[in-house]
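Some notes on the structure that comes next.
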Amino acid sequence: MSISRRAFLATAGSLGLGAGTALLSGCASSSTNVTGPSGTPSSLEVFSWWTEGGEKAALSSLVSEFHVHNPHIDFVNRAVAGGAGTNAKAELARRLQAGNPPDTFQGQAGAMLDDYVDAGQLEDLGFLYQQQGWDRSLNSTLLALTKRGGKHWSVPLDIHHINVIWANKRVCDHAKAPVAPDNVPDFVTALHRVAATGKNPLAISATTAEIWQVKHVMECLLVAELGPTGWPALWQAGGNWDSQQVASALDALRQILALAVNPTAELSWDQASAAVGRGEAAYQIMGDWTEASFTLAGLVPQHDYDWAPAPGTSGTFVFASDCFTLPKGAKDREAAIAWLVECGSQSGQDSFTTVKGAIPPRAVIGSTERGLFDAYSLWSMEQWTGTQIVGSLTHGVVARAAWNSAIDTALVAFVANRDPVRLQTALAAAAKEFAA
Ligand code: GAL
């Protein structure tokens, strides 16, 4: 059973996020004496980083749907706070190292998952793909990313759109700034216009804990400069990080960050979105989980806020995909398999993506199914089929954890020294060290 996203959020809202709040409190839900498929007590420990705004509501929605099919399995939420999984990934590494895996954990399709596969921490899911027919039902881009060495290692739940700019319409109109700046120079001009009105032009946090927000903006600027061919080439062996185009993108990052008000304040992505929603800031460049938080806040699309491809990236869809895995040594393997079946099913994906601001990762989305989605997600679906698709850096597709963390270190230094030349040198050195 799937309900529309707004209906779910309305229900969740009237219950004060009812079931969701209990489920998302970080401990087991209250039911006891549950039994699993084999008649033994069954509980399912799910590890993710969905603790903020719309992402928390989306997890609740998926859990409700899971319980429709698996009322006997007790859901144990092990979500670790921290946008883009910054803290969760470290905590997961500790647990895997200690031989204490959760029953299933959130991963991201692409290079990020390869780390776990190569470390021998995951079970091959070929049996489930065969049983559920996912080889035929999944979108081919995603299907390719579930595989390594000819085997399937994860089940994709969603497709997120990364290169999106979100704008508060009122603030932009007042500043005579476009809600959808076409290119990076226009964006910089728009930021100046907003600054002249006394509002914060860009909601972003550039602290060490939130450095991924800067990386997210940087990747959009690099895609704007390099386009859908040049961007993926950066992640190949011999990728050219010394080019003038990379230099321009990094200089744009310097200019943009200089215009943001107080970027060294600690602000989660969701708090930054809320600042745009409340009209304290004009823009945010962020993935489409922001749409979910705007919806939860009761904002009206294309009236209170608007969205567009991040400046200069029209025609390119930078994507990420959340997926779930079966770690070797999962204590309740059967319950984990039931969760994976839910994640790979149409009803599971719809229950989650309609609330999350994402789109389902399947090859065919029929017209009835489309009816569940709002204007933003329908736009995103059109973009997915009508643009060039490339993978995200910040959200796990193109670079492994070690490379990502070298880039984080370079960005933390850049936030302190604001020197794009030194940043470029550090990025080029990281590429030399980590490109396969
Ligand atoms: C991404 C993840 C999204 C969303 C976001 C913010 O990495 O793919 O599902 O949760 O982080 O935390």
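Numbering of ligands and ligand atoms starts at 1, following listing order. Since this is a predicted model, take the numbers as computed values, not measurements.
- At a threshold of 4.0 Å, the pair E45-R78 counts as salt-bridged, since one of the basic side-chain nitrogens sits closer than that to a carboxylate oxygen.
- Residue E52 places no heavy atom under 4.0 Å from ligand 1.
- Geometric assessment of K147 against the ring of W153 yields a negative cation-pi assignment under the 6.0 Å and 45° thresholds.
- Residues K356 and E291 are not paired through a salt bridge, judged by the lack of any N-O separation under 4.0 Å between the basic side chain and the carboxylate.
- Those atoms of ligand 1 with a heavy atom of Q108 less than 4.0 angstrom away are 1 (C), 2 (C), 7 (O), 8 (O).
- Which parts of ligand 1 touch H160 is read off a 4.0 Å heavy-atom cut-off, strictly below it: atoms 3 (C), 9 (O).
- Residue W269 has at least one heavy-atom neighbour below 4.0 Å for each of these atoms of ligand 1: 6 (C), 12 (O).
- The pair R400-D118 meets the salt-bridge criterion, since a charged nitrogen lies less than 4.0 angstrom from a carboxylate oxygen.
- For ligand 1, the atoms closer than 4.0 angstrom to any heavy atom of K356 are 3 (C), 4 (C), 9 (O), 10 (O).
- Not a single heavy atom of G85 lies less than 4.0 angstrom from ligand 1.
- Set against the non-hydrogen atoms of G83, the atoms of ligand 1 under 4.0 Å away are 12 (O).
- Counting protein heavy atoms only, atom 4 (C) of ligand 1 is closest to E55 OE1, 3.4 Å.
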